[in-house]
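Counting begins at 1 with the first residue of the sequence.
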Amino acid sequence: MKSWFAVQSKPRQEIVAKEQLEQQGYGTYLPLIRRRKQRNRKWIYATEPLFPNYLFIRADPKEQSLAPVRSTVGVARLVRFGELLRPVPPQVIDYLRQSEEVDAGRRVDDTWPFRPGDRVEMLAGALAGLSGIYSMDEPKDRASLLIELLGRVSEVTVNRADLSVGRL
């Protein structure tokens, strides 16, 4: 009977490992998530593994040897508990698959990385270069910040996409 097993990949080689394992006849599953990330001072959505450096393979160890998995390009090792290779319960895989966004085939983490009290820096707009304290979310992708202007603390509303993690 086929079971799911966890595989640890080499850093940032989950997709390579997945492709190589599939070429060897193993069933694979790499849960993905779409997250908001900042690159080159702009916020983008990036699709990345839900569990960095891990994926799952499906095989029947009685019918298909798992020994080649260790030497597969992109794979670091099969996940074991002590010396024992334990299957991942199928309910876990089913839950992960059901949690993925239906149309895109991946989960979406749509939260902003800022929380009230975080120091942020403005990257664009009239206040570019200034830093402040993240106060709260506003409608339409805007945010309230507390900044020091002319010797006093003022509250301003800015576009969230223009913010970055502030310098201390």
Side-chain angles (χ1 to χ4, degrees), residues 1-121 123 134 136-137 139-143 159-168:
M1 186 166 98
K2 288 191 175 188
S3 300
W4 288 101
F5 298 94
V7 175
Q8 183 179 13
S9 72
K10 293 179 180 173
R12 290 185 226 117
Q13 291 193 25
E14 299 91 350
I15 293 172
V16 171
K18 178 183 185 305
E19 291 169 353
Q20 294 295 316
L21 289 165
E22 286 173 348
Q23 286 179 1
Q24 295 177 50
Y26 296 101
T28 64
Y29 176 53
L30 176 62
L32 300 173
I33 189 167
R34 193 169 167 236
R35 291 191 177 152
R36 216 177 242 136
K37 291 212 160 211
Q38 193 172 31
R39 291 208 179 118
N40 298 326
R41 300 190 133 213
K42 289 191 178 196
W43 288 99
I44 62 163
Y45 278 103
T47 300
E48 55 190 35
L50 178 61
F51 306 111
N53 300 331
Y54 290 92
L55 66 147
F56 302 97
I57 62 167
R58 188 165 190 218
D60 183 348
K62 293 177 184 171
E63 293 180 12
Q64 185 178 22
S65 173
L66 294 176
V69 172
R70 289 186 316 229
S71 59
T72 300
V73 174
V75 171
R77 65 184 182 93
L78 276 162
V79 176
R80 297 180 183 273
F81 295 92
E83 295 295 318
L84 299 174
L85 182 63
R86 293 282 187 195
V88 175
Q91 298 87 346
V92 172
I93 302 297
D94 291 342
Y95 175 78
L96 290 170
R97 285 191 161 151
Q98 290 171 4
S99 297
E100 286 184 327
E101 186 179 76
V102 177
D103 357 352
R106 61 187 71 85
R107 297 174 57 116
V108 176
D109 180 1
D110 204 24
T111 59
W112 283 92
F114 309 120
R115 303 280 180 260
D118 289 349
R119 179 164 292 283
V120 294
E121 182 180 354
L123 301 174
Y134 194 86
M136 62 188 232
D137 292 334
K140 298 184 181 180
D141 290 331
R142 302 199 43 87
N159 187 342
R160 277 191 300 192
D162 294 341
L163 299 177
S164 176
V165 176
R167 297 183 195 134
L168 296 176

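A 4.5 Å side-chain heavy-atom check between L50 and L96 finds at least one atom pair inside the cut-off. Within the 4.5 Å cutoff, the side chain of I15 has heavy atoms near those of the L30 side chain. Counting only heavy atoms from C-beta outward, the side chains of L163 and Y134 approach each other to under 4.5 Å. Side-chain contact between Y29 and R97 is present, with heavy atoms from C-beta onward closer than 4.5 Å. Contact check for Y54 versus P49: no side-chain heavy atoms found under the 4.5 Å cut-off. Residues S9 and V75 form no side-chain contact, since every pair of their non-hydrogen atoms from C-beta on lies 4.5 Å or further apart.
Across S3 and P87, no two heavy atoms sit closer than the pair CB-CB, 3.7 Å.
In this structure, CD in Q98 is found 11.0 Å from CD in Q91, a value given to the nearest 0.5 Å. Annotation: the span from L21 atom CG to Y26 atom OH amounts to 7.5 Å, rounded to 0.5 Å. Distance check: N53 CG to K10 NZ gives 12.0 Å after rounding to the nearest 0.5 Å. To the nearest 0.5 Å, atom CD of residue Q13 and atom CD of residue E19 are 11.0 Å apart.
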With a 3.5 Å cut-off and sequence neighbours excluded, list the donor-acceptor pairs that the side chains of residues 55-68 form with protein atoms.
residue, atom, partner, partner atom, Å
D60, OD1, K62, N, 3.0
D60, OD2, M1, N, 2.7
S65, OG, A67, N, 3.1

- Query: Checking side chain to side chain contact (heavy atoms under 4.5 Å, CB included) for the pair T47/I33: CA distance, chi angles, key distance, verdict?
  - Reply: CA-CA 6 Å; T47 300; I33 189 167; over 6 Å; no

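For the side chain to side chain donor-acceptor pair (under 3.5 Å) condition, the pairs that include at least one residue of residues 66-87, sequence neighbours left out, are Q8-R77, Q24-T72.
We find that K18 and E14 are not joined by a salt bridge, their nearest charged nitrogen and carboxylate oxygen being 4.0 Å or further apart.
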